[in-house]
Amino acid sequence: MRILTKKTFSLWVKPVLWLQKRHFGKILNPAKLWGRKPVLFWLVALFFGYLDRKKSPIDAIMRSLVCVRVSQLNNCAFCVDANGMKLAERCHSLEKIKALAHWQTSEHFSEQEQAVLTYTEAMTLSDQQVSDEMLATLATWYSSDDIIEITALISFQNLSAKFNTALDVPAQGFCSLPIQPQSTSNSPQNITAQASSTADNKE
C-alpha cells in the first residue's frame, strides 16, 4: 500500500478491527487506512452497513453484482476479491459470476439485472452518461426511493474502489473463483464502434 498503516489504532476503531479479524481471519486492508481517521472510518462503515442491510429493498444478489461490477470497472483488486467472496456466498450460479465481466453478451442475466448493470456502468464509466430511458427502465421494478438506494450503492462502491486503487490496496485472497477483470469491450457502444471499424477496414 502507498501509505503505511499505524501500529496502534484509536479505541474507537479497535472493536471493529477485532470483529473483522474474528470474521475474516484478518483485518481488512482498507480498514487499516480508513482507521487512521476514526471519524471517516465510522462514516464509511455505517454508510455501507446501511446499504447492505438485510432489509434493503435491493436484493442481496443484485447488491453484490453491482459491487463486483463497479470493482471490475475500477480495476480494484481488493474490491473484486472481497466483493467477489460475498457474491459467491449469495449467488449459487458459477456461470453468472464468471460471466459478469461480459454480462452484455451472456444469457445468465435477467432483464432486471441487465437494467441495473447498464445503470451501474453509465454511472461508473467516464465515457457514458445516465439517460432518462435507463431510469424509466429501472422504474419497471423499483420505486423512486429504491432507485435512490441503488444510486447510493453504486456511488459508495465507486468511492471505495477509487480509494483502494489510488492507495494500491492489495487483495487478501478471500475469493478463489475465476472472476474476470473489467471488460467493456462488449458494451453496446463498443460493439457499434467495432462494427464500424471493421466496415471501414474492408473498404
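The shown structure was predicted, so the numbers you read here are calculated from the model rather than taken from an experiment.
For the residue pair Thr124/Asn158, the side-chain donor-acceptor check at 3.5 Å is satisfied.
Distance check, rounded to the nearest 0.5 Å: CD1 of Ile150 to CE of Met62 gives 7.0 Å.
Nearest approach of Gln20 to Ile27, heavy atoms of both residues: OE1-CG2, 3.7 Å. Closest approach of Leu87 and Ile61 over heavy atoms only: CD1-O, 4.2 Å. Minimum interatomic distance between Ala31 and Leu17 (heavy atoms only, all atoms of both residues): CB-CD2, 3.8 Å. The two residues Thr137 and Ala115 make their nearest non-hydrogen contact at CG2-CB, 3.7 Å.
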Where do Leu73 and Glu121 land on the side chain to side chain contact (heavy atoms under 4.5 Å, CB included) test, with the steps shown first? CA-CA 8 Å; Leu73 294 171; Glu121 295 201 354; 3.8 Å; yes
Apply the test side chain to side chain contact (heavy atoms under 4.5 Å, CB included) to residues His108 and Glu113: give CA-CA distance (whole Å), side-chain angles for both, the deciding distance (0.1 Å), then the verdict. CA-CA 10 Å; His108 298 293; Glu113 289 169 335; over 6 Å; no
Take Phe174 and Phe78 through the test side chain to side chain contact (heavy atoms under 4.5 Å, CB included) and record every step on the way to the result. CA-CA 9 Å; Phe174 292 122; Phe78 174 84; 4.2 Å; yes
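Using modelled atom types, no side-chain atom of Asn164 and backbone atom of Cys76 make a donor-acceptor pair closer than 3.5 Å. Lys86 places no side-chain N or O within 3.5 Å of a backbone atom of Ala60 that could act as its donor or acceptor partner. Panel note: side chain Ser71, backbone Cys67; a donor-acceptor pair is recorded below 3.5 Å.
A chain of hydrophobic side-chain contacts below 4.5 Å, direct or via other Ile, Leu, Val, Met, Phe, Trp or Tyr residues, connects Leu167 to Phe41.
Within the structure, the side chain to side chain donor-acceptor pair (under 3.5 Å) test picks out the following pairs touching residues 139-150 (sequence neighbours left out): Arg53-Glu149, Ser56-Glu149, Gln112-Tyr142, Ser143-Asp146.
Cys79 has its side chain within reach of Gln157: a pair of non-hydrogen atoms, C-beta onward, lies under 4.5 Å apart. Side-chain atoms of Leu100 and Arg69, non-hydrogen and from C-beta on, do get closer than 4.5 Å to each other. Between Val116 and Val66, some side-chain heavy-atom pair lies under the 4.5 Å cut-off. Inter-residue side-chain proximity for Asp168 and Arg2 is flagged as met; some heavy-atom pair is nearer than 4.5 Å. Two residues are said to be in side-chain contact when any heavy atoms from C-beta on lie closer than 4.5 Å; Trp42 and Trp34 fail this criterion.
The neighbour count for Glu111 CD, taken as heavy atoms of other residues, nucleotides or ligands under 6.0 Å away, does not exceed 12.
Using a 4.0 Å cut-off between a side-chain N of Lys or Arg and a carboxylate O of Asp or Glu, Asp59 and Arg90 do not qualify as a salt bridge.
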Sequence neighbours excluded and cut-off under 3.5 Å, please list the side-chain donor-acceptor pairs for residues 3-11, or say none.
from	atom 1	to	atom 2	distance (Å)
Ser10	OG	Trp12	N	3.1

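Taking the six-membered ring where the residue is Trp, Phe48 and Phe156 present parallel rings, their angle staying beneath 30° rather than reaching 60°. Note on ring orientation: taking the six-membered ring where Trp is involved, the planes of Phe109 and Trp103 are perpendicular (angle over 60°, cut-offs 30° and 60°).
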